[in-house]
Amino acid sequence: MNPKVIMSGIRPTGTGAAHLGHWEGALKSWVKLQDMGECYYSIVDWHALTTEYQDVKNIQGNIRQVLLDLLAVGIDPEKSVVYLQSAVKEIAELFLLLGMMTPLGWLERVPTFKEQQAQLGDRDINTFGFLGYPLLQTVDIVVMKADTVPVGEDQVFHLELAREIVRRFNGLYGDCFPEPQPFLTPIPKLPGVDGRKMSKSYGNAIYLGDTAEAVDKKIRPMITDVRRKRRSDPGVPGDCPVFALHQAYSGAEEIAMVDGECRKAGIGCIDCKKILIRNINGFLEPFRQRRRRYEAMAVADILASGNRRAAERAARTVAEVRALMNI
Ligand code: SF4
């Protein structure tokens, strides 16, 4: 594949900050894609409103946290356009225009629509905004005329919807948008510190901005293989979330050592965790250093410059759409 224009977004929700699961499942690809084309990376604050419109007090703080994380992982504002969705008003205009020709049934059959309504039962998301969020995602992509979108396999359906909307628009009014293609990123099987999938909403995540002490505090009490009740009981590393994290963040020799020693009770869980803590902290240290550097800088200026570049490109697209729609 030879991508030319790449677009992706991150929501400033929860604590705002990104964790190891975000790094493995998305941000690692974002960094790599910077050398493969023109990248547009958006902090999608309007998307945050689709599920969190009732509680908006943390959005500004979260935007700053996400921005610091993006810069700390190596998104280079010289190479990529990093911008805030709500600063590009053309996105709202295009959302309205494409909304005119998007069949309701296409949005209603998006699988996450019913799933999320069931999962987020504590919130009233029976709203026009929530139904329309896959269209808003489409607009994020097409307003930049992106041809490549890094997605996890679980989001391929959304991208298919975007492609259908593009085909419908191009068919009705004339060629305007490229059909965006997925750049598939593997979904990591990274457990959180409670053994479930690492997720902001489970409160089990190790954040990229966590201090060494915070990592220590989170990993020490982790549950291990239930067979290891006593130090002398052998275990099965495959049944232990600590080992799953070793596989992601320890070297091959250490993984082999832990694997062998755990099985014959040659290593205790506390020592095993100490090795993991050291390795995760070693992995996070460069992020932390870059994050500290950016915390001391006027990052709002970086975002303002990205906002301008994104708005310019979006304005050109919307002018073309207006002409084609005779508006
Ligand atoms: S020794 Fe390590 S891999 Fe084995 S059960 Fe304990 S923490 Fe898990």
Side-chain angles (χ1 to χ4, degrees), residues 5 7-13 40 42-56 59 84-182 184 201 310 314-315 317-327:
V5 183
M7 194 276 147
S8 197
I10 183 164
R11 285 162 55 121
T13 50
Y40 290 84
S42 176
I43 300 173
V44 287
D45 51 346
W46 280 333
H47 281 288
L49 290 180
T50 60
T51 51
E52 307 204 351
Y53 65 91
Q54 287 164 311
D55 183 11
V56 293
I59 290 190
L84 185 64
Q85 183 187 34
S86 65
V88 182
K89 304 287 185 280
E90 290 77 6
I91 294 172
E93 183 175 351
L94 190 57
F95 180 59
L96 181 143
L97 293 173
L98 296 194
M100 300 300 170
M101 44 133 280
T102 301
L104 207 47
W106 290 8
L107 297 172
E108 285 167 340
R109 67 162 204 253
V110 172
T112 44
F113 178 60
K114 292 244 155 53
E115 272 166 35
Q116 292 247 17
Q117 278 195 324
Q119 269 177 26
L120 304 175
D122 57 327
R123 292 176 224 170
D124 180 7
I125 49 170
N126 203 14
T127 59
F128 171 64
F130 186 68
L131 176 69
Y133 92 86
L135 175 62
L136 188 55
Q137 281 184 329
T138 298
V139 171
D140 288 326
I141 298 165
V142 302
V143 81
M144 299 305 165
K145 294 207 175 186
D147 52 35
T148 303
V149 182
V151 287
E153 273 153 18
D154 57 341
Q155 289 165 342
V156 170
F157 192 93
H158 285 134
L159 198 60
E160 189 44 47
L161 176 73
R163 289 152 60 86
E164 273 183 288
I165 293 171
V166 162
R167 283 194 288 271
R168 187 167 167 91
F169 183 94
N170 290 349
L172 282 170
Y173 307 108
D175 270 351
C176 181
F177 303 117
E179 271 187 42
Q181 306 295 325
L184 278 180
S201 45
T317 306
V318 171
E320 216 181 304
V321 169
R322 278 172 158 260
L324 287 166
M325 292 181 89
N326 214 8
I327 285 290

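In what follows, residues are counted from 1 in the order of the sequence shown. Keep in mind that this is a model prediction, so the values were computed, not measured.
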Subject >> Pairs satisfying salt bridge (Lys or Arg N to Asp or Glu O under 4.0 Å), at least one member in residues 86-97, at least two apart >> reply: Glu93-Arg322
**OP:** With side-chain contact (heavy atoms from CB on, under 4.5 Å) as the test, would you mind laying out the steps for Thr317 and Val142 before giving the verdict?
**Re:** CA-CA 8 Å; Thr317 306; Val142 302; over 6 Å; no
Check for a donor-acceptor pair, side chain of [X] on one end and backbone N or O of [Y] on the other, with a separation under 3.5 Å.
| X | Y | value |
| --- | --- | --- |
| Lys145 | Cys176 | yes |
| Arg11 | Ile43 | no |
| Arg163 | Pro180 | yes |

Original post:
Are the charged groups of Glu160 and Arg109 less than 4.0 angstrom apart, N to O?
Top reply: no
Gap between atom [atom2] of [Y] and atom [atom1] of [X] - 0.5 Å precision:
| X | Y | atom1 | atom2 | answer |
| --- | --- | --- | --- | --- |
| Leu136 | Trp46 | CG | CH2 | 7.5 Å |
| Ile141 | Ile91 | CD1 | CD1 | 11.0 Å |
| Leu49 | Thr127 | CG | OG1 | 10.5 Å |
| Leu324 | Leu97 | CG | CG | 11.0 Å |
| Leu159 | Glu164 | CG | CD | 11.0 Å |
| Asp45 | Ile59 | CG | CD1 | 6.5 Å |

Original post:
Do any pairs count as a side-chain hydrogen bond (donor to acceptor under 3.5 Å, both in side chains) and have a residue in residues 170-180, sequence neighbours left out, and if so which ones?
Top reply: Arg167-Glu179
Original post:
What are the two closest non-hydrogen atoms of Ala310 and Met144, and how far apart are they?
Top reply: O-CE, 3.6 Å
Original post:
Of all heavy-atom pairs between Val166 and Pro178, which one has the smallest distance, and what is that distance?
Top reply: CG1-O, 3.8 Å
**OP:** Run the numbers on Trp106 and Ile165 for side-chain contact (heavy atoms from CB on, under 4.5 Å), then give the verdict.
**Re:** CA-CA 9 Å; Trp106 290 8; Ile165 293 171; 3.9 Å; yes
**OP:** Would you please name every residue forming a side-chain hydrogen bond (donor to acceptor under 3.5 Å, both in side chains) with Asp55, sequence neighbours left out?
**Re:** Lys57
**OP:** Could I get the full list of side-chain hydrogen bond (donor to acceptor under 3.5 Å, both in side chains) partners for Thr138, not counting sequence neighbours?
**Re:** none
Subject >> With sequence neighbours excluded, residues passing side chain to side chain contact (heavy atoms under 4.5 Å, CB included) with Pro134 >> reply: Leu107, Val110, His158, Leu161
Original post:
Mind checking what makes side chain to side chain contact (heavy atoms under 4.5 Å, CB included) contact with Ser42, not counting sequence neighbours?
Top reply: Met7, Val44, Tyr83, Gln85
**OP:** Hey, can you tell me if His47 and Tyr133 have their rings parallel, tilted or perpendicular (30° and 60° cut-offs)?
**Re:** perpendicular
Subject >> Flag side-chain contact, heavy atom, 4.5 Å: Leu98 against Val139 >> reply: yes
Original post:
More than 12 foreign heavy atoms under 6.0 Å from CG of Leu172: is that the case here?
Top reply: yes
